[in-house]
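Heads up, the thing below is written out as structure tokens.
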Amino acid sequence: MELKDLPYFFSLPKQEQKIALEALLFTMEEPLDINRLMKILASNESNSADEQDIIEYELLDKIGFNREYVKNLINELNNENSDNDRPFRIIESGGGYSLVTSRKYGKIVGKINKNIVRRKLSNANLETIAIIAYRQPISRPGIESIRGVNSKEIINGLIDKGFVRIIGKSDAPGNPYLYGTTTDFLKAFGLNSLDDLPKLKELKELGFSESEESGFTLRIEMEDESKQIDEKNVPEA
Amino acid sequence: MELKDLPYFFSLPKQEQKIALEALLFTMEEPLDINRLMKILASNESNSADEQDIIEYELLDKIGFNREYVKNLINELNNENSDNDRPFRIIESGGGYSLVTSRKYGKIVGKINKNIVRRKLSNANLETIAIIAYRQPISRPGIESIRGVNSKEIINGLIDKGFVRIIGKSDAPGNPYLYGTTTDFLKAFGLNSLDDLPKLKELKELGFSESEESGFTLRIEMEDESKQIDEKNVPEA
Amino acid sequence: MYRIHLPNFEGPFDLLLYFIRRDELDIYDIPISKITEEFQSYVRVMKLLDLELAGEFILMASTLMYIKAKLLLPKPKDENGEEIEDPRTELVQKLLEYKQIKEASEELRHAEEKNLHYHERKFFNNDESAEVIYTNTTMFDLLTAFKTAVDRIDNAIQEHVVELIPISVEEQKVELVKIVNMRGRIKFLDFTSNKPKSFIVVTFLALLELIRSNELFISQDDLFNDIIISPSINLN
């Protein structure tokens, strides 16, 4: 038994493997647990990281490219970065590995910048808050039926950020909470009241009514909703 | 006149200043323009960076801690990182400085994790974004009159990609939306601002043949437009 | 139903500019009858192939006819006896404006390639102590986000009938060159007869690219006859 191809990552010189690992974690959207990390590193250029079954872990293990090897790379990298007074370290926390500033430079940065953090809402955040803004009061199942993905974390995050609050309970089975937007939401988006939200009818320009092949029913539903929102004035705290 | 206290950053040894700068940019989610960067670096532990009046720029300048000094730190850092095969670089793009992967390790990471690879835009996309970039704010009819084809789907696709956004409404009949480019567009094309867009060729240079013996003179009314774009600075959120 | 966006010609302006460049025409003095014929034969070929042509091409064909007709009439003069504007002026201006953007977008392509491998940091730990300002919170950002969300349902509702095209344009280009070089010349309709529509489309697109890059040469005895494809020999 032999490996068809050594995965690209493991074919690199060891020193480049370490640096590539650092760069990889830099570009990741969330901490990577060792399983996902292995999956990514072991995938070949030809196969996607999702085709796990193609990846010949056992064969890789046999020639020494296993979790221990990768953990060891991380340790070596951290030691080298420490020896050379580099500002970044790989740590394991929050369910996986991520790249952070070293303690020394974290402190220094903290002293330099006690500033306001400028941030962008992620698309998922923006999308969820838009749905809540237009469809409030709306339950989590309602939000998820539009987004098509589990949105619990996102909703909680928006509550933490102060953009969303619970405004009641639904009569639907299970009595899920109903969510609505807050005054902080209005402020952040520069709106005086929910009446200032761009009307759904204005979405026409964005391509609702003109797409010949697309859901006619959806269009009708939406037009009703825009009326609803016009008439309804969701109370604001 | 003397400085009460040297700002914390400038009191560090030069080598640590460089590394602190790298660590600082690592923590920034948005590009940091030179003015805000100077404000942060020149602020003292005791004062917040927003109290700009307290910061004694002139005195700092006198002892050599000015923009040139900081830009020089960035250059030196990039050179050192390149010499030592480090994976990060500071680039000026999208309205300021940000820390990104070096080209070499960016390519390597893209091979390991294909999900982060940006696909090149199709010609139709590129053509449309060019029109929006040069002529913004511009409405869909405006875009279509230049391209000669219906561009609804392309525009919406560019919005999805995060390169284009609605920046207002036109006074023209039907009040069509006006589109403009985003910071993500600038970043993807390595532009610091719209002023960095390649200059449009003069119409005279665009003719295919030099022979001008034709009996007709054309009234060219477009020559001013390229100038207009240089002067106009479309606001970015 | 097919709606063809030709990969080479982004629209009628692009096609016209192609003719102008190929035949080294003076853009300020376009020979309207020649170019109208070229344009119409292109449109005819597309129709011959039973491809649905973007309406803009048809519109351009009629615009060209209109300009041609106007040029045939005696030139109107204004009260000072000077000739009134050339009917081609507007078209030429549009072509120049399009060309200006097209060339700029080629420069942008280089910039894009140069920056393709700069990746930003994506994951930021939430620092609770800092005051956060969100920079992408405008009414329009909200609107755009909502549109994206609802579009997704829109797409999910649609039934997708995707016809699998077994060959790519790239593959067909290689194949075409091989066959033409082997047989000397082939007839397009012969070659594609009894083939599925997808095959015809791919072949046609491949052919267009090959003609553009001067790898193949086509000729037609008459506008409605079959297209003869031959290896590119400099016949001029």
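Residue numbers begin at 1 in each chain, while the letters A, B, ... track the order of the sequences.
- Crowding of E76(A) atom CD: a count of heavy atoms from other residues, nucleotides or ligands under 6.0 Å exceeding 12.
- Other residues, nucleotides and ligands place no more than 12 heavy atoms under 6.0 Å from the CG atom of D171(B).
- With a 4.5 angstrom heavy-atom cutoff, E16(A) touches chain B via backbone and side-chain atoms both.
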Test side-chain contact (heavy atoms from CB on, under 4.5 Å) applied to N81(A) and R86(B), step by step: CA-CA 10 Å; N81(A) 279 347; R86(B) 302 293 319 149; 3.5 Å; yes

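- The environment of NZ in K104(B) is crowded: more than 12 heavy-atom neighbours from other residues, nucleotides or ligands sit within 6.0 Å.
- Between N113(B) atom CG and L37(A) atom CG the span is 10.5 Å, to the nearest 0.5 Å.
- How far CG of L24(A) is from OH of Y105(B): 13.0 Å, rounded to the nearest 0.5 Å.
- What you find for L99(A) and F26(B) is that their closest heavy atoms are O-CZ, 3.4 Å.
- Options L12(A), D85(A), I19(A) differ in how many heavy-atom pairs under 4.5 Å they form with chain B, and the most are formed by I19(A).
- Ring pair F88(B)/F88(A) is perpendicular by interplanar angle, where above 60° counts as perpendicular and below 30° as parallel.
- In plain terms, the two heavy atoms of S43(B) and I112(A) that are nearest each other are OG-O, 3.6 Å.
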